[in-house]
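Have a look at the structure below before the remarks.
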Amino acid sequence: SLVLFLLSANMSKLESAMALMIETFHSYSGREGNKFTLSKGELKDLLTNELGSYLGDPKDKATVDRVMNDLDSNKDGEVDFTEFIILVGALTVACNDFFREYKQKQKH
């Protein structure tokens, strides 16, 4: 796989994380329809398997519909890689904010 090849090339942690995001997206995007975008079903599978602990209950249809609507900026009914990265970035910012607040509370 692409990730295994890239990880074997002495990549930094951040470079490895980027390669893993690319690999993860494409492992779901090729299952149905356009191999470069996520359909609603592919998005649901990705959310459930990869981000379930961050998104509550991604198996819930309303959750998937809300995430799809929020991410699908061009309203084509699919999520492309750029739209997916916006989700990952937003979740990463939220996690960072949570941990920063947690550390500040530990100091007091």
Side-chain angles (χ1 to χ4, degrees):
S1 82
L2 173 65
V3 170
L4 293 178
F5 169 75
L6 293 174
L7 291 177
S8 68
N10 296 323
M11 295 175 71
S12 71
K13 288 181 184 179
L14 187 55
E15 291 166 334
S16 298
M18 292 167 63
L20 190 57
M21 285 189 290
I22 294 166
E23 178 75 16
T24 300
F25 176 86
H26 289 290
S27 72
Y28 288 89
S29 69
R31 296 178 181 180
E32 58 186 48
N34 185 335
K35 67 180 182 175
F36 298 110
T37 61
L38 297 169
S39 67
K40 188 179 285 189
E42 292 166 336
L43 177 65
K44 179 184 176 189
D45 290 345
L46 186 149
L47 295 176
T48 300
N49 297 330
E50 307 295 338
L51 295 170
S53 60
Y54 287 124
L55 293 176
D57 185 7
K59 294 177 186 169
D60 176 53
K61 185 180 183 315
T63 300
V64 175
D65 288 345
R66 186 180 69 248
V67 172
M68 174 66 96
N69 189 54
D70 290 347
L71 292 180
D72 185 15
S73 60
N74 62 1
K75 303 302 177 201
D76 66 354
E78 303 206 332
V79 172
D80 64 24
F81 186 75
T82 300
E83 293 164 333
F84 166 72
I85 289 300
I86 290 168
L87 169 66
V88 173
L91 286 172
T92 304
V93 168
C95 289
N96 181 64
D97 291 348
F98 172 82
F99 289 122
R100 187 179 65 221
E101 289 174 20
Y102 179 79
K103 284 182 180 182
Q104 287 175 344
K105 288 179 183 176
Q106 295 295 338
K107 291 180 182 179
H108 298 304

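Positions are given from 1, in the same order as the sequence printed here.
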For this session: List for me each residue that meets side-chain hydrogen bond (donor to acceptor under 3.5 Å, both in side chains) alongside Ser27, sequence neighbours excluded, and say none if there are none.
Result: none
For this session: Name all residues meeting the ring pair (Phe, Tyr, Trp, His ring centres under 6.0 Å) criterion together with Phe25; count only those two or more places apart in sequence or in a different chain, and write none if there are none.
Result: Phe81, Phe84
Exercise. With a 4.5 Å limit on heavy-atom distance, are the side chains of Val79 and Leu46 in contact?
Worked result: no
Exercise. Quick one: does Glu42's side chain get under 4.5 Å of Asp45's, heavy atoms only?
Worked result: no
Exercise. Can you hop from Met18 to Leu91 via hydrophobic side chains spaced under 4.5 Å?
Worked result: yes
For this session: Find out if a path of hydrophobic residues (ILVMFWY) with successive side-chain heavy-atom gaps under 4.5 Å connects Phe36 to Ile22.
Result: no
Exercise. Quick one: do Lys75 and Asp72 make a salt bridge, cutoff under 4.0 Å?
Worked result: no
For this session: Work out which heavy atom in Glu83 is nearest to a heavy atom in Glu78; give both atom names and the distance.
Result: OE1-O, 3.3 Å
Euclidean distance, [Y] [atom2] relative to [X] [atom1], rounded to 0.5 Å:
| X | Y | atom1 | atom2 | answer |
| --- | --- | --- | --- | --- |
| Asn49 | Lys44 | CG | NZ | 10.5 Å |
| Cys95 | Arg100 | SG | CZ | 12.5 Å |
| Leu38 | Leu87 | CG | CG | 10.0 Å |

